[in-house]
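Have a look at the structure below before the remarks.
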Amino acid sequence: MADVNEILAQRATTHGDYGQQAKMTQMLQRAIMDYNNSPLSDVMRESIHMICHKLARISVGRADIQDHWDDIAGYATLVSKDLESKKPKAD
């Protein structure tokens, strides 16, 4: 099993400085939530948080990591599927 410090050092090369990433994530999330006027489900809130988290990694770390972009698409898809599942079924 890898030493946690080795894992953190490796992640810093792709994700950037964790303190900067955390600050960016919170800034993005606050900006979105401050302007949102509609009710958000738990799925929406968590997806917004994770998308902000990934955007912060892109901004602070390396933007050329495909996984960051794929994850954003995945979280958006989870919201879309949740909304689809709540649509009334046609008779």
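Hydrogens, waters and symmetry mates are skipped; everything else that's a heavy atom, side chains included, is used.
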Quiz item: Listed by chain and number, what are the salt bridge (Lys or Arg N to Asp or Glu O under 4.0 Å) partners of Glu6, not counting sequence neighbours?
Solution: none

Quiz item: What residues join Ile32 in its hydrophobic cluster, counting side-chain heavy atom gaps under 4.5 Å, either direct or through other members?
Solution: Met33, Leu40, Val43, Met44, Ile48, Val79, Leu83

Quiz item: With a 4.0 Å cut-off, would you call Lys81 and Glu84 a salt bridge?
Solution: no

Quiz prompt | Partner set under salt bridge (Lys or Arg N to Asp or Glu O under 4.0 Å) for Arg30, not counting sequence neighbours | solution = none

Quiz item: Got a donor-acceptor contact below 3.5 angstrom from the Thr25 side chain to the Gln21 backbone?
Solution: yes

Self-check item: Pairs involving residues 34-63, ordered by first then second residue, that meet ring pair (Phe, Tyr, Trp, His ring centres under 6.0 Å) (sequence neighbours left out)
Solution: none

Exercise. Just jot down the salt bridge (Lys or Arg N to Asp or Glu O under 4.0 Å) partners of Asp82, sequence neighbours excluded, or say none.
Key: Lys86

Quiz item: Which residue pairs satisfy the side-chain hydrogen bond (donor to acceptor under 3.5 Å, both in side chains) criterion with at least one member in residues 8-19, sequence neighbours excluded?
Solution: His15-Arg57

Practice problem: Return the set of residues passing side-chain hydrogen bond (donor to acceptor under 3.5 Å, both in side chains) with Asp71 (not counting sequence neighbours), or none when no residue passes. | Solution: Lys54

Quiz prompt | Shared-cluster residues of Val4, by chain and number - hydrophobic side chains joined below 4.5 Å | solution = Leu8

Practice problem: For Asp42, enumerate each residue passing the salt bridge (Lys or Arg N to Asp or Glu O under 4.0 Å) test, keeping only those at least two apart in sequence or located in another chain. | Solution: none

Practice problem: Could you tell me which residues satisfy side-chain hydrogen bond (donor to acceptor under 3.5 Å, both in side chains) with Ser38, sequence neighbours excluded, listed by chain and number? | Solution: Asn36

Self-check item: Residues clustering with Trp69 (ILVMFWY side chains joined when closer than 4.5 Å, directly or via others)
Solution: Met24, Leu28, Met50, Ile51, Leu55, Ile58, Val60, Ile72, Tyr75, Leu78

